[in-house]
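Report on the structure given below.
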Amino acid sequence: MTDQSTTVETEGFQRRSHREIITVMSGLMIAMLLAMLDNTIVGPALPTIVGDLGGLKHLAWVLTAYTLATAVSTPLWGKLGDLYGRKPTFLASIVLFLAGSALTGMSQNMMELIGFRGVQGLGAGGLIVGVMSILGELIPPAERGKYQGLFMAIMPLAMLGGPLIGGWITDNASWRWAFYVNLPLGAIALVTVWFTLHAPRRTTGKVRIDWWGAGTLALWASALVLLGSWAGSQYAWGSWQIIATIVVAIGGFVAFVAIERRVDEPIMPLHVFTNRNFSLAGALAFIIGLAMMGSAAYLPQFQQLVQGASATNSGLLLLPMMFPMMFASVAIGQITSRTGKVRIFPIIGSVVLIAGMVLLAQVHTDTTKLTLGLFMAVLGLGVGCLMQPSMLIAQNSVSLRDMGAGMGASTFLRTMGMSLGTAVLGTIYTTRLTHELSAKAGDAGAKLVSGGAQLPPAMVHTLPKPLQDALHAAVTHGIVGVFWAGAAAGVVGLIVSFFVKDVKLVGFTDAPKVEEAEKATAG
């Protein structure tokens, strides 16, 4: 008897030439690069932006507004793609992203900047889920790996290139061009997709959008990110602010689930989570987002403040982690395309991820750059072994009808992992740093980090030697806590990986066998 998941994956695919796929992918890759790049390109420009627009106390929201808007909009874009078709929905997301980029570049104060960054994030959510949904509809499961590995490699590439490009633009032009640079690239992606993507049209008749579901999703997701950012640092766990945030998060989630169970076209169909593999792949995606953003965000703190690396070369500091990450992602894509098997890679990836996190948790103030680079390479290899399989497993676990909603849910979980990872690991880092510095340097140490532990590297060299030593020890103490937390997340990922069911990915060449099996079963 034919496995139902196998049958589902062979329905609806149209055979396309390698050249046609590559042509479409050129536009998709530019769109994905834009969405991922804007997570990191703004970092080096932030000091200049604050100097120009003011609003230092709202600085964190320049980053959070983008990632949070991306997270909450991905399920909506995915569902719109299921209802209206991939191509028009994807093109609309590109237009919205470009509009947000232009408006962000023209911002005259910090509130405008944060608001327009949110608009950018709304469009970026459509770019990410659109790319994955189009790939899921364009290419059968067994052939996705060799193409999708290129997209998985874009994530570390964007994390590497973002700080480099942002720093160069800020130093040589204006911080506004960190956003304006999206316009010509986005225009190329728009034209390419417009003329090369031939996706089937949807004929759904009257369409009802699940706005209540979208609203409650935004509510509880926002409350969750705020909880991760505030609890234990800005507000005590027992404070009314934290308690109220917890109540909003729980209440919003309960309301969201109740709404999704009743509406005809839910923004996030809960039935996709009844597939065990899909739910497990979502958990892996969350852990990957946490590990990737957490390490990328806080490793430069140790490298700059303790090892004395230059801030202008912050992107280069991540090379030892990014190259193995890209290599593993592309290599695994090729292997899964040949073998059709994916389960073993999340297990291997989780083990290597844990090893990398534990190694990085051993750093001390005298750790050399070479040693740190080797530890980072192990972590990058682990993350690379997890990124590609988690997406393939998710795509192979939903029907083409639910591909957009399924990829929206999977991307939402990965982006929430990135947002919460940045917030929670940031709280761990800042809390441990502050306590350690206060313990070693007293009031002078406490005053040094009263602004939230954001210390310009150039300032460290001007401090008295005892205070420098105390700061080095405190930063190291903070970063060690981050990686022990990452190792704990990796253990959860390893446990999850063992429960994944290995289902062979099916390609065009397998379709006749499936049809014969179905006929034999029917007979």
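Bear in mind the structure is a predicted one, so any value in this text is a computation, not a measurement. Just so you know, residue 1 is the first one in the sequence shown, and it goes up from there.
Using a 4.5 Å heavy-atom cutoff, the side chains of V352 and C385 are not in contact. The side-chain heavy atoms of M416 and F286, taken from C-beta on, include a pair separated by under 4.5 Å. For the pair V272/S279, no side-chain contact is recorded, criterion being any heavy-atom separation below 4.5 Å from C-beta on. Counting heavy atoms from C-beta on, the side chains of V95 and L91 never come closer than 4.5 Å. Contact of the R276 side chain with the K501 side chain is registered, since non-hydrogen atoms from C-beta on lie closer than 4.5 Å. A 4.5 Å side-chain heavy-atom check between L96 and W77 finds at least one atom pair inside the cut-off. Between M106 and F179, every side-chain heavy-atom pair lies at or beyond the 4.5 Å cut-off. Side chains of V254 and T216 form no contact here, defined as non-hydrogen atoms less than 4.5 Å apart.
Q120 contributes no side-chain N or O that, together with a main-chain N or O of F116, makes up a donor-acceptor pair within less than 3.5 Å. Put simply, the side chain of W175 never gets that close to the backbone of G105: no donor and acceptor are under 3.5 Å apart. Counting only distance, with no hydrogens or angles, the side chain of R343 and the backbone of V500 share a donor-acceptor pair below 3.5 Å. Using a distance-only test at 3.5 Å, with no hydrogens or angles considered, a donor-acceptor pair links the side chain of T70 to the main chain of Y66. Between the side chain of S93 and the backbone N or O of F90, at least one donor-acceptor pair lies under 3.5 Å. The main-chain N or O of S107 is found under 3.5 Å from a side-chain atom of R176 such that the two form a donor-acceptor pair. Formation of a donor-acceptor pair under 3.5 Å by the D210 side chain with backbone atoms of P266 is not found in this model. Although no hydrogens or angles enter the test, the distance criterion places no donor-acceptor pair under 3.5 Å between the side chain of S329 and the main chain of M325.
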- Under the side-chain contact (heavy atoms from CB on, under 4.5 Å) rule, what do E260 and V257 come out as? Steps first, then yes or no, please. CA-CA 5 Å; E260 298 306 276; V257 172; 5.9 Å; no
Assess whether side-chain contact (heavy atoms from CB on, under 4.5 Å) is satisfied between Y180 and T104, documenting all intermediate values. CA-CA 8 Å; Y180 291 151; T104 304; over 6 Å; no
Margin query: Pair F483, I479 - check side-chain contact (heavy atoms from CB on, under 4.5 Å), show working.
Written below: CA-CA 6 Å; F483 288 114; I479 204 74; 3.4 Å; yes
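Under 4.0 Å is where a charged nitrogen must lie from a carboxylate oxygen, and between E436 and K440 at least one such pair does.
When all heavy atoms of P324 and L381 are compared, the closest pair comes out as CB-N, 3.9 Å. Of all the heavy atoms in F273 and A409, the pair that sits closest is CZ-CB, 4.0 Å. Smallest separation of non-hydrogen atoms from A223 and V248: CB-CG1, 3.9 Å. Residue V475 comes nearest to F302 through the heavy atom pair CG1-CA, 4.0 Å, listed as atom of the first residue, atom of the second, then distance. Taking each heavy atom of S397 and N277 in turn, the nearest pair found is OG-CB, 3.4 Å. Contact record, V363 with V480: O-CG2, 3.8 Å, taken as the closest heavy-atom pair.
Relative ring orientation between F256 and W220 is described as tilted, the plane-to-plane angle lying within the 30° to 60° band.
Side-chain contact of S101 with N182: a donor-acceptor pair under 3.5 Å is present, judged by distance alone. Side-chain polar atoms of S390 and R414 form a donor-acceptor pair below 3.5 angstrom.
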